[in-house]
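Just so it is clear, the values below take in all heavy atoms, side chains as well, and ignore hydrogens, waters and symmetry mates.
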Amino acid sequence: VASGQGTVEDELFLAEALVASKAIAAAKEILVHAKERGANPVEIGRIAAQIAPAYAKELGVPVPKP
């Protein structure tokens with residue numbers, strides 16, 4: 001994924017795993033990259049909100065309802 005070989009879905013899966021393991025900085029970097037590659041904004045928002053709802057807003061993606 002880091003080499004650009006994976007799909008955006010792979011990036012989202014990796015970002016969610018990184019959030020779960022508390023590697024927040026790496027997850028944020030991957031979410032930004034996935035957004036640039038056209039990943040589903042709803043999925044980006046769902047994962048970003050696990051970091052912080054404000055981070056989803058910062059990325060400009062939908063914030064899931066609690």
Output the distance between atom CD (Glu11) and atom NE2 (His33), rounded to the nearest 0.5 Å.
5.0 Å

For Val63, the hydrophobic cluster (side chain heavy atoms closer than 4.5 Å, chained through members) also holds none

Which residues share a side chain to side chain contact (heavy atoms under 4.5 Å, CB included) with Ala39, sequence neighbours left out
Val8, Leu12, Ala34, Ile44

Tell me, please, which residues at least two apart from Pro41 pass side chain to side chain contact (heavy atoms under 4.5 Å, CB included).
Val61, Pro62

Which heavy atom of Gly45 sits nearest a heavy atom of Pro64, and at what distance?
O-CD, 3.6 Å

Please report the interatomic distance CD(Glu43) to NZ(Lys35), rounded to the nearest 0.5 Å.
15.5 Å

If you look only at pairs with a residue in residues 52-66, which of them pass as a side chain to side chain donor-acceptor pair (under 3.5 Å), with sequence neighbours excluded?
none

For the CG atom of Leu59 and the CD1 atom of Ile51, what is their distance to the nearest 0.5 Å?
8.0 Å

Side-chain donor-acceptor distances from residues 17-25 under 3.5 Å, at least two apart:
residue: Ser21; atom: OG; partner: Ala17; partner atom: O; Å: 3.3
residue: Ser21; atom: OG; partner: Leu18; partner atom: O; Å: 3.1

Sequence neighbours excluded, which residues qualify as side-chain hydrogen bond (donor to acceptor under 3.5 Å, both in side chains) partners of Glu29?
none

Non-neighbouring partners of Gln50 that pass side-chain hydrogen bond (donor to acceptor under 3.5 Å, both in side chains), sequence neighbours left out
Glu16

At their closest point, which heavy atom of Ala27 faces which heavy atom of Ala15, and how far apart are they?
CB-O, 3.6 Å

